[in-house]
Amino acid sequence: MSANETPAGGQPTRPQPPTATYDSAFLKACRREPVPHTPVWFMRQAGRSLPEYRKVREGIPMLESCMHPELVTEITLQPVRRHGVDAAIYFSDIVVPLKAIGIDLDIKPGVGPVVEQPIRTRADLDRLRDLTPEDVAYVTEAIGLLTAELGATPLIGFAGAPFTLASYLVEGGPSRNHEHTKALMYGDPQLWADLLDRLAVITSAFLKVQIEAGASAVQLFDSWVGALAPADYRRSVMPASRKVFEAVAGYGVPRIHFGVGTGELLGLMGEAGADVVGVDWRVPLDEAARRVGPGRALQGNLDPAVLFSTPEAVEARTREVLDAAAGLEGHVFNLGHGVLPTTDPDALTRLVEYVHTQTAR
Ligand code: CP3
């Protein structure tokens, strides 16, 4: 679909991106079109690795910082200014829409999202009401400010996928083994399916808000879904993730799907409806392409820990990623997971420069 066509399927329209944004290397790579250079962005590029981030966040709790449009705009722009990345990612967190519908949760520094009263029974489902655009008016406002500032640089909106959100809600916080989550999934499949469906509806509404405000692509983070066997993913998770992707299909913006430890799930994650499949550092991109199959771009996949090594080692490992990506239909360079908080920001800037010069066509 070209930038000027109305999306099919009766979807409300979104502001048409400027042609320069539509023609950016990032969006072209997502659409598997020829690119002037391999585009680069980093998961968690906006955050604690940047001193300018720590400065503006001083004394402001994480979730509160997500609700101030000017602050969100500043933090989102910081890595674009500093590193020259090819896309911005909206500064927020995957639990923001849950907070916005009244779930009692907080993000504890060094821990992650913590839910006061976990969701484990049918009665608990009633606490997951629908999300309206009014619940997240600050998101619409911030994206308006951002698209005005970003010029040709695309903005990526995002949301947590139903499984990963369910894991936080059911466990009550971060979890290594997801035992309560899996107990519910295996022990009460109907309640589990209803919970994931509720989360799919909320997540779809939240992505629509971001796209209608001007986001040029969206990423669905299913960070913890690698904990599942393929058969369980297909049976118990894929229907909800597919529902989210289908809900936003008509807008024509690229949909990226990412998880960690998902080597065995890559094909299914593509099938769920992604245009771009994110790959962690465990599977080389040429092998990932075989698992995902034709018709989808890939995103990834330098081990974020490589950035703690010497500049020569970073270049060597980056070269390996680019070589493995050489035959792909579309490649967006990224890390295999988010930027680690103690990463040297200069190593990220050098990495962007290296990928750009190595892939200039
Ligand atoms: O990528 C970006 O630059 C955009 C910002 C972003 C944040 N969280 C900001 C954040 C994004 C895309 C997320 C998504 C997110 N949040 C995920 C999916 C991505 C992934 O990492 O797999 C998950 C699982 C979460 C949940 C979460 N939020 C965790 C595990 C943590 C870390 C807790 C800690 O302090 O170690 C958070 C907090 C969080 N989200 C921070 C930031 C910048 C750190 C809080 C701070 O700076 O005080």
Side-chain angles (χ1 to χ4, degrees), residues 1-33 35 39-41 43 45 72 76 80 85-92 94 96-97 131 133 136 139-140 142-161 200-222 241-258 269-278 292 295-299 329-332 334:
M1 188 174 68
S2 88
N4 298 317
E5 273 175 89
T6 311
Q11 298 265 15
T13 49
R14 57 189 283 268
Q16 294 306 330
T19 310
T21 308
Y22 187 82
D23 289 339
S24 62
F26 168 72
L27 290 176
K28 281 186 162 166
C30 291
R31 296 193 300 262
R32 294 172 284 120
E33 295 169 7
V35 286
V40 188
W41 72 279
M43 293 182 275
Q45 63 189 19
V72 167
T76 301
V80 179
V85 282
D86 293 274
I89 179 156
Y90 183 80
F91 178 77
S92 182
I94 56 168
V96 163
L131 178 118
V136 286
V139 173
T140 300
I143 291 181
L145 296 172
L146 273 166
T147 48
E149 290 277 332
L150 276 165
T153 306
L155 176 68
I156 304 169
F158 75 90
V201 171
I202 293 163
T203 297
S204 302
F206 189 56
L207 289 179
K208 284 182 183 182
V209 167
Q210 295 174 72
I211 296 169
E212 288 181 21
S216 294
V218 287
Q219 177 156 323
L220 194 64
F221 282 95
D222 212 348
S241 295
R242 175 174 278 148
K243 182 168 181 159
V244 176
F245 285 122
E246 281 176 0
V248 297
Y251 292 102
V253 303
R255 299 159 298 168
I256 312 169
H257 199 185
F258 170 77
M269 288 176 72
E271 259 182 65
D275 303 299
V276 183
V277 175
V292 169
R296 302 182 208 283
L298 297 186
Q299 176 174 281
E329 294 181 48
H331 177 217
V332 175
N334 206 314

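All residue numbers in this chain count up from 1 along the given sequence.
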Atom of Arg296, atom of Arg32 and distance for their closest heavy-atom approach: C-CD, 3.6 Å
Rounded distance (nearest 0.5 Å) linking atom CG of Leu220 with atom CZ of Arg255: 10.5 Å
Residue pair Ile211 / Val253: nearest heavy atoms and the distance that separates them: CD1-CG2, 3.8 Å
Minimum-distance pair of heavy atoms, taken over all atoms of Trp41 and Val85: CA-CG1, 4.0 Å
Over all atoms of both residues, closest heavy-atom pair of Pro97 and Ile94: CD-O, 3.5 Å
Worked check of side chain to side chain contact (heavy atoms under 4.5 Å, CB included) between Val218 and Tyr251: CA-CA 11 Å; Val218 287; Tyr251 292 102; over 6 Å; no
Residues which pass ring pair (Phe, Tyr, Trp, His ring centres under 6.0 Å) with Phe206, listed by chain and number, not counting sequence neighbours: none
Side-chain donor/acceptor of Glu329 to backbone N/O of Gly295, under 3.5 Å: yes
Intermediate values then yes/no, side chain to side chain contact (heavy atoms under 4.5 Å, CB included), Val201 and Lys243: CA-CA 8 Å; Val201 171; Lys243 182 168 181 159; 4.0 Å; yes
Between NE2 on residue His257 and CZ on residue Phe221, distance to nearest 0.5 Å: 11.0 Å
From CA spacing to verdict: side chain to side chain contact (heavy atoms under 4.5 Å, CB included), Ser241, Asp222: CA-CA 9 Å; Ser241 295; Asp222 212 348; 4.1 Å; yes
Which atom of Phe258 lies closest to which atom of Met269, heavy atoms considered: C-CE, 3.8 Å
Donor-acceptor under 3.5 Å (Glu246 side chain, Gly273 main chain): no
Member of Thr153, Leu150, Thr21, Thr147 meeting the side chain to side chain contact (heavy atoms under 4.5 Å, CB included) criterion with Ser216: Thr21
Cys30 to Val332 - nearest heavy-atom pair and separation: SG-CG2, 4.1 Å
Nearest-0.5 Å distance that lies between atom CD1 in Ile156 and atom CD1 in Ile256: 5.0 Å
Interatomic spacing from CZ in Phe158 to OG1 in Thr203 - rounded to 0.5 Å: 11.5 Å
Flag, side chain of Thr76 to backbone of Phe91, donor-acceptor distance under 3.5 Å: yes
Donor-acceptor under 3.5 Å (Asn334 side chain, Met43 main chain): yes
